[in-house]
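Shown next, in structure tokens, is the structure this report addresses.
Please read all numbers here as calculations on a predicted model, not as lab measurements. The first residue of the sequence shown is numbered 1, and numbering continues consecutively from there.
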Amino acid sequence: VPHGLGRVLRRGGGSVRSASSRARALSDDEKYLRLSRERVAELLDHEITHFSLQEPRQLSLQWILGRKTEVLAEFLHKELPVLYASRIKLLESLHGWDESEQLVAIRREYSESFKALRLVEFEDTTRFLRVLVELKKRHKDVVKRMVTGVRAIQASDTGYGREAIDEFLNRFFHLRIGTELLTSQYISKTVDVERGGDGIITPHLDIADCTRATVATAIELCRRTYGVAPEVKVITPTGDVRIPFIRRYFQYIVLELAKNALRATVECHGASGDMPPIKIVISGDGTLVGIKVIDRGGGISTDNLDMVWSYLFTTATPATQKDVLGQSEGSGRLAGFGVGLPLSYLYASYLGGSMHLSVMPKYGTDAVVHLNAIGDGTQASADKHYGLSTPTLPEFRRNPNW
């Protein structure tokens, strides 16, 4: 095998293993078959099918966040190929995917990441870290590109309804959150090792302070869009609330809810100086936190109420969607691509929480989020409001619609 590919094929055998493990298993006089890069790439393509047949492991966040870097590295080396292979095969199960420029590119990039992971040893910390950083950069804008491609397929004559597409994307993004959480935790702990970092978790996240900072960003986006913004009051009736939590996910959820409330309020009342304030009430007991975003922005129309949790629903114009496509998640515009609310729900669910809306027609909306402290919840343990489903991959294989 060419130097640096990290693969050898034992003569007379049929399985591909890492060079280091094979070297330990064989004596010096045993022979190896040298393979071209093209042959190795072909073998790795076959491995994608093999790994996709394995079930991604369901782990508690407490386990993920509590592992030492060496243990986490070995687990990542085994689990990430399963997660990437599962997404590749899930994508290929979507009829018409190979006719979408976006989806073809995503499939190719996931294949590249799978192969990179199979061709590196986790014991080589420097190279392994570099591979993880590169694959995170490679997939940083996958959400918007994925939704763009799937929306185009749904709009064509494929027979996919909204519920089928939402189910597909929920599963796909659920796998993505697992990958993001694992890789971010390892990278953060490895880079911050000298400072004794806790990885991506903030041990004592001040919920009110983080909310105020995030709301300030939303207000700035509102002013940039409309020239004005209503007042936002953050209320803490139970005093300061601090829990161990992942800051970036909390900020994403709060930012999306705040942007929705700001936009609704301005568009309902106009750019007048007497817009009603938006209230954000925060309470908690150290293990469970509740956040309620209260606006008087006219509520949600009956026609749209069932659609707000769908990845296919957006009020943005095609030009705006094209603009937003190149931006990172949760930034850039007050309203844009239409994935903020369903993704926020998925983040909350993955972290053991829940989210729901209470709508007063022609008056306003209350968005309520409950979050467990990290370690008290497990993956996908939230309630199933509005039909959110994250079925396992075999259920998709049995589904005749796919």
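Considering only residues two or more places apart in sequence or on other chains, Asp98 meets the salt bridge (Lys or Arg N to Asp or Glu O under 4.0 Å) condition with none of them. Every residue two or more places apart in sequence or in another chain that forms a ring-ring contact (aromatic ring centres under 6.0 Å, His included) with His139 is listed here: Tyr84, Tyr110.
For the pair Leu129/Tyr186, a side-chain contact is recorded, criterion being any heavy-atom separation below 4.5 Å from C-beta on.
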Evaluate the ring pair (Phe, Tyr, Trp, His ring centres under 6.0 Å) criterion for residues Phe114 and Phe51: first the C-alpha distance (whole Å), next the side-chain angles of each, then the deciding distance (0.1 Å), finally the verdict. CA-CA 10 Å; Phe114 175 89; Phe51 274 83; 5.6 Å; yes
Please test Arg127 against Glu121 for salt bridge (charged side-chain N to carboxylate O under 4.0 Å, His left out), starting from the C-alpha separation and ending with a verdict. CA-CA 8 Å; Arg127 286 193 62 218; Glu121 300 298 335; over 6 Å; no
Audit row: Asp45, Lys115, salt bridge (charged side-chain N to carboxylate O under 4.0 Å, His left out) steps and yes/no: CA-CA 8 Å; Asp45 279 332; Lys115 293 174 183 178; 3.1 Å; yes
Is there a side-chain hydrogen bond (donor to acceptor under 3.5 Å, both in side chains) between Ser301 and Asp303? Walk through the geometry before answering. CA-CA 5 Å; Ser301 70; Asp303 293 339; 5.2 Å; no
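Ion pair Glu267/Arg263 flagged as a salt bridge, since at least one NZ, NE, NH1 or NH2 atom sits closer than 4.0 Å to an Asp/Glu carboxylate oxygen. Under a 4.0 Å N-O distance rule, the pair Arg248/Glu180 qualifies as a salt bridge. Taking the charged nitrogens against the carboxylate oxygens, Glu79 and Arg57 have no contact shorter than 4.0 Å, which rules out a salt bridge. Checked for salt-bridge contact, Lys137 and Glu134 miss the test: no charged N lies under 4.0 Å from a carboxylate O. With respect to Asp209 and Arg212, a salt bridge is recorded, a charged nitrogen being found less than 4.0 Å from a carboxylate O. With respect to Lys279 and Glu231, no salt bridge is recorded, no charged nitrogen being found less than 4.0 Å from a carboxylate O.
For the residue pair Asp166 and Ser310, a side-chain donor N or O sits within less than 3.5 Å of a side-chain acceptor on the partner. Side chain to side chain, Ser113 and Arg138 meet the donor-acceptor criterion of an N or O pair below 3.5 Å. A donor-acceptor contact closer than 3.5 angstrom is absent between the side chains of Thr365 and Arg296.
The aromatic rings of His174 and Tyr350 are tilted relative to each other, their planes meeting at an angle between 30° and 60°.
Within a 6.0 Å sphere centred on NZ of Lys292, heavy atoms belonging to other residues, nucleotides or ligands number 12 at most.
Thr179 contributes a side-chain N or O that, together with a main-chain N or O of Leu175, makes up a donor-acceptor pair within less than 3.5 Å. Using modelled atom types, no side-chain atom of Asn304 and backbone atom of Met307 make a donor-acceptor pair closer than 3.5 Å.
Aromatic rings from Phe173 and Tyr311 are positioned such that their centres are separated by under 6.0 Å.
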